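Take a look at the structure below.
Proteins come first, then strands; the chains are lettered A, B, ... in the order of their sequence lines, and each starts at number 1. Keep in mind that this is a model prediction, so the values were computed, not measured.
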Amino acid sequence: MNDRNRNIGEYIPADDDNIIVCRCEEITKGEIRRAVHDGMFTLTEIRRYLRTGMGLCQGQTCTKLVKSIVAKELGIRPSDLEPATGRAPMRPIEMYILAQDGEDMK
Amino acid sequence: MRIQEHPILGTYDRGEIVSFTFDGKVLEGFEGEPIAMALKNAGVMVHRYTKKEHKPRGIFCAIGRCTDCVMIVNGKPNVRTCITPLEAGMEICTQYGVSAEPSNGGEKK
Amino acid sequence: MKRYDMIIVGAGPAGLSAAIESAKRGMHVIVYDENAKPGGQLFKQIHKFFGSKEHKAKIRGFRIGDELLAEASALGVEVVLNAIVIGLFSEKEVTVKIDEHVEHVKGDTVLIATGASENMVTFPGWTLPGVIGAGAAQTMMNLHGTLPGKRVLMLGSGNVGLVVSFQLMQAGCEVVALADAAPRIGGYGVHASKVSRCGVPFYLSHTIVSADGDDHVTGVTIAEVDKNWQIIKGTEKHFDVDTICLAVGLSPMSKLCDMAGCQMEDNPSKADFVPTVNKYGETSISGIYAAGDVSGIEEASSAMIEGRIAGIAAAAKLGFITEEECNIEIEKQESALEGLRQGMFAPGMRGKIITETDEGVEVSQNLLKKGFVTEEEIERFPGVTHSEGIHPVIECTQNIPCNPCQDACSKHCIKIGSNITALPAVNPEAKCTGCGMCVASCSGQAIFLVNEDCGDGTAEITLPYEFLALPQKGDKGIALNRNGQKICEAEVVNVRTAKAFDHTNLLTMKVPKEFALNARFFKKEA
Amino acid sequence: MNAEVIIVGGGIIGCSTAYNLAKNGVSVIVLEGSEHIGNGGSTRNGGGVRQSGRDPRELPLVMYAIKNIWKDLSDMLDTDVEYHQQGNLRLGSTDKHHQILNGLTERAIKCGLDVRMIDGYEARQINPYLSEEVTCASWCPTDGHANPLTATMGYYKMARRLGAHFISGEKVTEIRKIKGKARQVITESGNIYEGDKIIVASGYESRFIVSTVGIDVPMQPVLLETLVTEAVAPMFWQMLGTADADFYGHQSNHGSFVFGLNSGYEPYARPGKPVSSSIAVSAACRGIMKYFPSLSDIKVVRSWAGWMDSCADHIPVISPVEEVPGLILACGFSGHGFGIAPAVGLLLSQLATEQKTTLDLSEFRYNRF
């Protein structure tokens, strides 16, 4: 049970708020922290709201960083936050290649 | 800078020397090596400028994960240069946002 | 649809080991790997591995990859490279991109052995070209023969940071400093020592304040941090560098497990989000296994055993061997794994502060903070003894799972015993012949042959040397101490290279005898 | 815990209703069964804000939303919902397609919608990336698309700011009547929430929840699958669909394309966690490339699946349940809930406060079946 009205304190601006965390989508630490205070309490919600981890690299670089920022803001352990679901394709693949699919195409 | 001889690995198997262009300038590299390596050895550090903040990016993970090193290769944007083999005659351009044009960085709207 | 007894995703140490074990038992196995070269991250590892003889200790990582591949191929395993697994769907269906098309295959069992990816850390300027992962540095140097930069700062004192720092120097870079926010070095002391004796300063409890530069890195500022990881103002240090290398840990690359629907757990002792597996490496989905770093970050030697266990277990599951056979073999593997998981760096020891070795010897605090054991400290370890004539000095001061030195000496000068993590001790009864096999066999480059008094006021020290240009007999230069500082003049009196040494050259230098106990590296005077 | 209105379901319907109620000072508790807000169809849809191709009974809802709400939604929610109103092309290449599109178009024109049939040439004038394969299309210039993720989270954010109380991970198992009125909502964890009105907007799950007070809605869960591409430079802003509905989608502000798929096997997907099939993305790529050859080189970066609640007659139930006083139903959106969500939220808030609704909802009665 995750009560979205629970008190996590005020958003307090910090010196390093302008640091880029999600390199692909250029999302800053400050944006992530503010999103938490706007109610985005899970990594999935942060992702849906800000696009962190939804860029070309598919969250392979920033997932852990975002997790620790959100956890700190919520005052919980990073391990209490579930990362966003893994989705196919595991690497970016061109449409024309995906279109060439069959079992005996070797 | 190329490593000519390595104390453990000796010399490296390298492909033929081929020419390619980087933003129109003719450069040379070894065929089959990642584009990013050819560029690095030619002194190119900046592969692209980002869409929102127009900040420079280059090689970061070098294994095709982080996608920071993407460039426009033969007209296609978002090509991971760290894992794409160099071919003779490739046209490689700095990527601005998702575009080859500094003026149109793929800005929205 | 094409179907295999086992589909393995990832041709690293775990994947290939599983392929070998399952194919050996008659299974039809295919291995997919997205890289052009097999061996996983092994193919970038040019240092000699730790562990035991049975698990490929003292062999360089990239050769282990080659050996595993040859063994797997000989058993009929199909290893498909440049094959990108797109997804793992229901009914254990794998879709994989090969060349310009997508294939669908099914496995009666599937092993996910996708390894790990590097963690990152943010600081102002961390997105500048010139800030790279330590893995990137390895890829550039060891695969593509390209220097990552001329002057490098390494962040991270775990094994990756230490090993890559050494590799950077081998490739010809200057490592200006090694920093870590932690108060103690995280990796093996022997790795730290070989970096330290080359003159690299260690800055523990230091973090990066900022990377400087407009279009690429031109410098870096580090500063000391307090107990709460906050930067202490006024402690800033600046270095002119063109490259900043980040080696701040690894995380399991477990997305494929998650996509497949395996039950996941966030397990800090396994360094992040991993599939929940039983003792056979089987996930919550029957027939889907996970082995190696993807199920918890450990050394490659452990990954190989986990792979073997999964291969054997899958063979039993599909009826290629009986359950009894399976249990006997897995028990063997488990005890080996248990052995590797002992010592100061065992997974269960993460975060614990160790003050004494298993033998009750007080650990070197200087080693943990500065990267080298002081002259006073070194004397208390069982590998360090004094005797007339040439004898080994083994500066191995931590309980790590490694024992090749014991077998390297045909005269039985070195004793570790059956406990693989025990500190090596010098056997006073045995007579050293100066053959140097121990020096070359020590993956940690921690063994020296010393003749403390040659009778003419000099001492001779034989040390492992893996740099170019290789000094020649008669070269004059300086001797450096464990801290990399110049202590005296030295002359090379012998340089030995042999196939058995596998690129570890044995350099013998002559120094005034008062420096016999602390001259540990040779530098040719420019 | 008590509130004037208890909303079961934290999707875009629940969130927009909560927003409209909270804005008017009504106390609301929103209970979301999963861990995340907007976890069902709300964030798993193609983002269409379209009128063309819609059931005529639903048209007034979407026309109202487009006319009165969507344009200002980003400001209203202090969130960029990426709304684009630059038309909808529904494409066809055969006589049969023409027939289907023509039928839809004629019906919509009768309802007063500005939509017409165009030929392939005109379609290519509107969207130069279309291939020669396209021979006909329906064209509705007032249609568009928005970002379902930010729209849903935006409603949530604003509702929360206005005082709506959201609790996730609180799966409702039962509605309990007190003295003849639906008043209590009981959750798996044993918590009891009480309100004057209970709105059930939980997609297919609504069926199990309202069955505890003897109500059923004929609907079934149907899998929806979608692919997302890398970002490329802006190409076009129209919403796209096809006569066969084998794909639909648009290019987002971000530059990526979002395409809904239809492999034909979706109705046979196994129940449980929605999972992508191994063939759907490839099938969709073939379909997309046929009409848009210039997208062939674009890379797919992600795919996902979700359940939609498909109602027997393919339009939702938005209705008070008189036989269970206090209960209001909002489910069975049949895959077209996103575009009408802003209007539905407003209407549900009116139902919950017993005001006259802005639009007639009689077509959406729960007892129409």
Discussion item. Using side-chain heavy atoms (C-beta onward) and a distance below 4.5 Å, is L295(D) in contact with F257(D)?
Written reply: yes
Discussion item. By the definition side chain to side chain donor-acceptor pair (under 3.5 Å), identify the one residue from Q41(C), H144(C), K44(C) that meets it with T139(C).
Written reply: K44(C)
Item to complete: Go through the structure and list residues passing side chain to side chain contact (heavy atoms under 4.5 Å, CB included) with I285(C), not counting sequence neighbours.
Response: C262(C), T283(C), I288(C)
Fill in: Residues which pass side chain to side chain contact (heavy atoms under 4.5 Å, CB included) with A247(C), listed by chain and number, not counting sequence neighbours
A134(C), M154(C), V160(C)
Discussion item. Counting C-beta onward and ignoring hydrogens, is there a side-chain heavy-atom pair between L318(C) and M27(C) closer than 4.5 Å?
Written reply: yes
Worksheet item: Does F292(D) have any ring-ring contact (aromatic ring centres under 6.0 Å, His included) partners at least two apart in sequence or in another chain, and if so, which?
Response: F236(D)
Interface of chain C and chain D, donor-acceptor atom pairs under 3.5 Å:
from, atom 1, to, atom 2, distance (Å)
E91(C), OE2, R270(D), NH1, 2.7
E91(C), OE2, R270(D), NH2, 2.6
E93(C), OE1, S278(D), OG, 3.1
E93(C), OE2, S278(D), OG, 2.7

